[in-house]
Number of protein chains: 2
Amino acid sequence: MNKMHKEHNLTKNQKIIFDLIDKSSQPLKAYSILYNVQKKGIKAPLQVYRALDKLVEIGKIHKIESRNAFIACHNSSCQVAKATAFTICEICEKVTEISSTGLSKYLANFKDKDGMKYSKYNLEFFGLCKKCTLK
Amino acid sequence: MNKMHKEHNLTKNQKIIFDLIDKSSQPLKAYSILYNVQKKGIKAPLQVYRALDKLVEIGKIHKIESRNAFIACHNSSCQVAKATAFTICEICEKVTEISSTGLSKYLANFKDKDGMKYSKYNLEFFGLCKKCTLK
DNA sequence: TTACATAGTGTTATATTATAACAACTAAAA
DNA sequence: TTTTAGTTGTTATAATATAACACTATGTAA
Ligand SMILES: [Zn+2]
Ligand SMILES: [Zn+2]
Ligand SMILES: [Zn+2]
Ligand SMILES: [Zn+2]
């Protein structure tokens with residue numbers, strides 16, 4: 001998984017927390033992570049947040065800002081932690097990372113009124129996933 | 001201001017809080033709003049959050065998710081609370097709402113892998129504003 | 001090797017952001 | 001008038017995130 005990512009030798013806590021997020025099918029919240037890793041010796045919020053910060057920084061995970069939750073990056077072409085896009089289902093809360101060359105090119109080239117480029121961005125789409133649409 | 005918006009007869013608290021946000025040159029955080037309106041009789045966080053929720057719902061303000069802050073909508077063409085885009089300066093924290101027909105059309109028409117459309121979205125660009133670039 | 005720098009850890013305490021629950025009030029529709 | 005939906009005021013509490021400090025591991029350079 002994430003074969004395209006530069007290998008960052010994760011530390012013990014970083015590895016424990018990344019593995020948990022990576023195995024999860026949906027985004028995890030910091031305190032839910034904490035409860036799940038207490039048996040592995042991680043006892044305090046700060047230990048979790050420090051690992052999360054690092055993992056976000058190196059692009060192994062992303063934060064879903066509107067949900068205060070974290071998801072593993074499974075998008076080998078994403079510009080590590082700099083340009084992220086997701087779809088979020090408002091019913092089942094399923095989150096999927098978008099991997100679209102067209103979208104990322106469009107956004108990376110977007111200029112504001114002053115002609116400024118902002119190559120770092122976060123985009124969150126909301127709506128219904130396929131499953132929930134059929135219900 | 002916001003002449004294009006449907007008039008929603010704001011209640012007392014909603015008006016107090018909207019006026020404060022509307023006058024501000026930068027996004028305001030909930031508790032900063034609270035401190036600023038205590039002299040007007042709004043004493044509890046819930047009173048602020050309830051007004052904020054309503055104002056977001058009717059599109060008079062937007063939440064900047066990555067900053068947990070609120071900004072008045074000054075974009076007459078934005079699709080009320082459904083499709084928002086901002087630039088955020090990582091140095092001075094200046095936030096500007098983007099009003100680009102091209103961008104909003106592109107995003108409103110974006111389809112994911114399954115061909116699903118998600119007309120509601122929030123996009124936050126990060127980088128340096130003009131001022132901070134020149135420093 | 002030693003010294004130093006950099007990054008990570010463990011811990012306690014605290015700050016910040018947000019919601020639950022309930023009683024009371026207001027305005028407008030039926 | 002009765003009812004309804006929405007808003008208000010209030011207390012308490014939940015959920016999310018950081019400050020500060022002492023200590024430990026690891027790599028690098030003298
Ligand atoms: Zn990614
Ligand atoms: Zn769904
Ligand atoms: Zn707007
Ligand atoms: Zn700036």
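Note that the coordinates shown come from a computational prediction; the quantities given were computed from them, not determined experimentally.
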**Report entry** Spatial distance of atom CG (L123(B)) from atom OG (S104(B)) [nearest 0.5 Å]
**Finding:** 11.0 Å

Requested in this report: Kindly give the cluster partners of L46(B), where membership spreads through any ILVMFWY side chain lying under 4.5 Å from a current member.
Outcome: none

Query raised in the report: By the rule that ILVMFWY residues connect when side-chain heavy atoms come within less than 4.5 angstrom, directly or transitively, which residues belong alongside F86(A)?
Result: I64(A), I71(A), I88(A), V95(A), F126(A)

Sequence neighbours left out, what passes salt bridge (Lys or Arg N to Asp or Glu O under 4.0 Å) with [X]? Give chain and number order.
| X | result |
| --- | --- |
| R67(A) | E93(A) |
| D19(A) | K15(A) |
| K94(B) | none |

Report summary line: Judged by nearest nucleotide, the residue sitting upstream toward the 5' end of DNA chain D, P45(B) or Q14(B), is Q14(B)

Requested in this report: Please tell me which of K29(A) and I42(B) maps to the more 5' nucleotide of DNA chain D, matching each residue to the nucleotide holding its nearest heavy atom.
Outcome: I42(B)

Query raised in the report: How are the rings of Y118(B) and F125(A) set to each other: parallel, tilted or perpendicular (split at 30° and 60°)?
Result: tilted

Query raised in the report: Touch check for Q47(B), heavy atoms < 4.0 angstrom, all strands: base, sugar-phosphate only, or nothing?
Result: base

Would you say [N] has OP1 or OP2 under 4.0 Å from some side-chain N or O of [X]?
| X | N | value |
| --- | --- | --- |
| N68(B) | dA17(D) | no |
| K63(A) | dA17(D) | yes |
| K54(A) | dT6(C) | no |
| T11(A) | dA7(C) | no |
| K12(B) | dG6(D) | no |

Query raised in the report: When you measure from every atom of DNA chain C, which of residues 85-94 of chain B have a heavy atom less than 4.0 Å away?
Result: none

Rounded to whole Å, please give me the gap between [atom1] in [X] and [atom2] in [N].
| X | N | atom1 | atom2 | result |
| --- | --- | --- | --- | --- |
| L34(A) | dG10(C) | CG | C1' | 13 Å |
| K40(A) | dT9(C) | NZ | P | 15 Å |
| I58(A) | dG8(C) | CD1 | C1' | 13 Å |
| N13(A) | dA7(C) | CG | C1' | 13 Å |
| L10(B) | dG6(D) | CG | C1' | 14 Å |
| D53(A) | dG8(C) | CG | P | 11 Å |
| Y35(A) | dA14(D) | OH | P | 10 Å |
| Y49(B) | dG9(D) | OH | P | 18 Å |

Report summary line: Residue set satisfying side-chain contact (heavy atoms from CB on, under 4.5 Å) with I91(A), at least two apart, ordered chain then number -> C89(A), L128(A), C132(A)

Report summary line: Here the ring pair (Phe, Tyr, Trp, His ring centres under 6.0 Å) pairs for residues 30-49 of chain B, sequence neighbours left out, are none

Report task. Rounding to 10 degrees, work out the angle separating the end axes of the helix from dT1(C)-dA30(D) to dA30(C)-dT1(D) (five pairs an end). Result -> 30°

Requested in this report: Applying side chain to side chain donor-acceptor pair (under 3.5 Å), name anything that partners K113(A), two or more places apart in sequence or on another chain.
Outcome: none

Query raised in the report: Would a distance-only check, ignoring hydrogens and angles, find a side-chain to backbone donor-acceptor pair under 3.5 Å from S24(A) to P27(A)?
Result: no

Report task. Report yes or no: is there a donor-acceptor pair, N or O only, under 3.5 Å between the side chain of Y31(A) and the base of dA17(D)? Result -> yes

Requested in this report: If a pair satisfies salt bridge (charged side-chain N to carboxylate O under 4.0 Å, His left out) and one of its residues is in residues 45-54 of chain A, list it, with sequence neighbours excluded.
Outcome: K54(A)-E57(A)

Which pairs, protein N/O on one side and nucleotides 20-30 of chain C N/O on the other, fall under 3.5 Å?
none

Query raised in the report: Counting side-chain heavy atoms from C-beta on, which of dG8(C), dA17(D), dT11(C) comes nearest to A44(A)?
Result: dT11(C)

Report task. Could you pull out the closest heavy-atom pair between K40(A) and I16(A), with the gap in Å? Result -> CD-CG2, 3.9 Å

